[in-house]
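Working notes for the structure below.
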Amino acid sequence: MDLEILKTIGLKKYYGSGAGLVKALDGIDLSIEEGEFAAVVGSSGSGKSTLLHMLGGLDYPTEGRVIVDGKDISSLKDTELTIFRRRNIGFIFQNYNLVPVLNVYENVVLPLELDGEKPDREFVREVMEILGIYERRMSMPNQLSGGQQQRVAIARALASKPAIVLADEPTGNLDSRNSKEVVGLLKVTGEQFGQTIVMITHNEALAQLCSRVIRIEDGRIWKDRANAEKSVRRMAAGNLTATGILPEMATKPGRQGRGQE
Ligand code: ADP
Ligand code: MG
């Protein structure tokens with residue numbers, strides 16, 4: 001089995017032309033292994049979102065290749081790319097983009113239903129329980145806090161069982177306590193469901209919770225550093241304990257529990 005799940009080779013993305021040419025990505029060579037929780041940091045306009053879009057097949061590169069689980073997605077046709085995306089990638093954005101007239105559960109399963117797929121109800125329930133929103137499944141989005149709304153958006157991204165989760169500033173609208181909680185939860189769900197996560201963040205403290213920090217400037221990788229896994233686990237566990245969210249899950253990632261404590 002190939003452990004390398006995400007790879008870019010000489011990836012470039014240019015916008016505009018002539019005097020208006022913007023080199024949003026200017027030669028990115030990146031390799032991410034299965035199960036990693038990588039943070040992408042860098043100043044505003046450095047190319048972070050563009051990179052995430054390329055990794056998730058939301059747009060085509062100008063040059064170079066994006067290889068996901070051994071498959072070169074940069075050569076896929078539009079409809080193939082859409083199908084690939086639906087099956088493999090879960091996106092989480094800064095704005096939760098919940099449908100206001102649908103309740104929490106309906107929001108979570110909406111993308112699956114739009115795809116004509118039957119949600120795995122047991123799985124969706126497990127995801128919602130881990131995220132602490134199952135009791136709120138009948139609530140409407142406007143009855144929830146920002147942190148709760150983002151957890152609903154996370155559940156929606158995970159409902160299709162994606163192998164890869166791409167998050168663009170998922171904590172951008174949250175206070176620091178909720179931000180740590182959301183990142184801790186992503187770490188727990190990532191371990192529970194064996195996902196690879198790439199998360200853009202402005203927040204250095206949050207980046208340190210990840211197993212790796214990739215720093216981008218001017219469309220190029222500036223630094224790429226692994227965090228010690230031991231401390232990552234300890235910090236994630238500490239956050240979850242401090243916030244009272246399923247402390248047992250953080251130390252027993254393989255457990256299929258329901259968080260009864
Ligand atoms: P970041 O997410 O790091 O803030 P982006 O990836 O959004 O940066 O943008 C990188 C650069 O590409 C910026 O200069 C931005 O203005 C430009 N850019 C991004 N998207 C587009 C687009 N659709 N059209 C033209 N320029 C774009
Ligand atoms: Mg951005």
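Remember, it's 1-based here, ligands and their atoms both numbered in the order they're listed. Small disclaimer: the values here were computed from a predicted structure and weren't measured.
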Practice problem: Report yes or no: does G16 have a heavy atom closer than 4.0 Å to ligand 1? | Solution: no
Between the main-chain N or O of L102 and the side-chain N or O of N107, is there a donor-acceptor pair closer than 3.5 Å? yes
Residue, atom and distance of the protein heavy atom nearest atom 7 (O) of ligand 1 read S49 CB, 3.7 Å
- Task: For residues V127 and V124, determine if any side-chain heavy atom of one lies less than 4.5 Å from a side-chain heavy atom of the other.
- Result: no
query = Is a salt bridge present between E181 and R151, judged by a nitrogen-to-oxygen distance below 4.0 Å?
reply = yes
Linked, directly or transitively: L114 and V109 (ILVMFWY side chains, under 4.5 Å)
no
Worksheet item: Any side-chain donor paired with an acceptor under 3.5 Å for N227 and S211?
Response: no
Among non-hydrogen protein atoms, atom 1 (P) of ligand 1 lies closest to G45 N, 3.5 Å
The protein heavy atom nearest to atom 15 (C) of ligand 1 is V22 CG1, 4.7 Å
Would you please determine whether S43 falls within less than 4.0 Å of ligand 1 on a heavy-atom basis?
-> yes
Q) Do any heavy atoms of G42 fall under 4.0 Å from ligand 1? A) no
M138 side chain reached by Y105 side chain, heavy atoms, under 4.5 Å
no
*Quick one: do R215 and E204 make a salt bridge, cutoff under 4.0 Å?*
yes
Ignoring waters, protein N/O/S atoms under 2.8 Å from the Mg ion (ligand 2) are S49 OG
shortest atom 12 (O) of ligand 1-to-protein heavy-atom contact is with A24 CB, 3.4 Å
Nearest non-hydrogen protein atom to atom 24 (N) of ligand 1, with distance, is Y15 CD2, 3.5 Å
* Counting only heavy atoms not in D175, do more than 12 fall under 6.0 Å of its CG? -> yes
To atom 5 (P) of ligand 1, the nearest of V40, D218, T50 on a heavy-atom basis is T50
Considering only distance and modelled atom types, tabulate donor-acceptor pairs under 3.5 Å from the side chains of residues 24-33, sequence neighbours left out.
{"from": "D26", "atom 1": "OD1", "to": "Y14", "atom 2": "OH", "distance (Å)": "2.9"}
{"from": "D26", "atom 1": "OD2", "to": "R220", "atom 2": "NH2", "distance (Å)": "3.1"}
{"from": "D29", "atom 1": "OD1", "to": "G10", "atom 2": "N", "distance (Å)": "2.7"}
{"from": "S31", "atom 1": "OG", "to": "E4", "atom 2": "OE2", "distance (Å)": "2.6"}

Output for pair (I200 CD1, I216 CD1), nearest 0.5 Å, gives 8.0 Å
Quick note on ligand 1: atoms under 4.0 Å from a heavy atom of S44 include exactly 4 (O)
Any side-chain heavy-atom pair of M128 and I130 under 4.5 Å: no
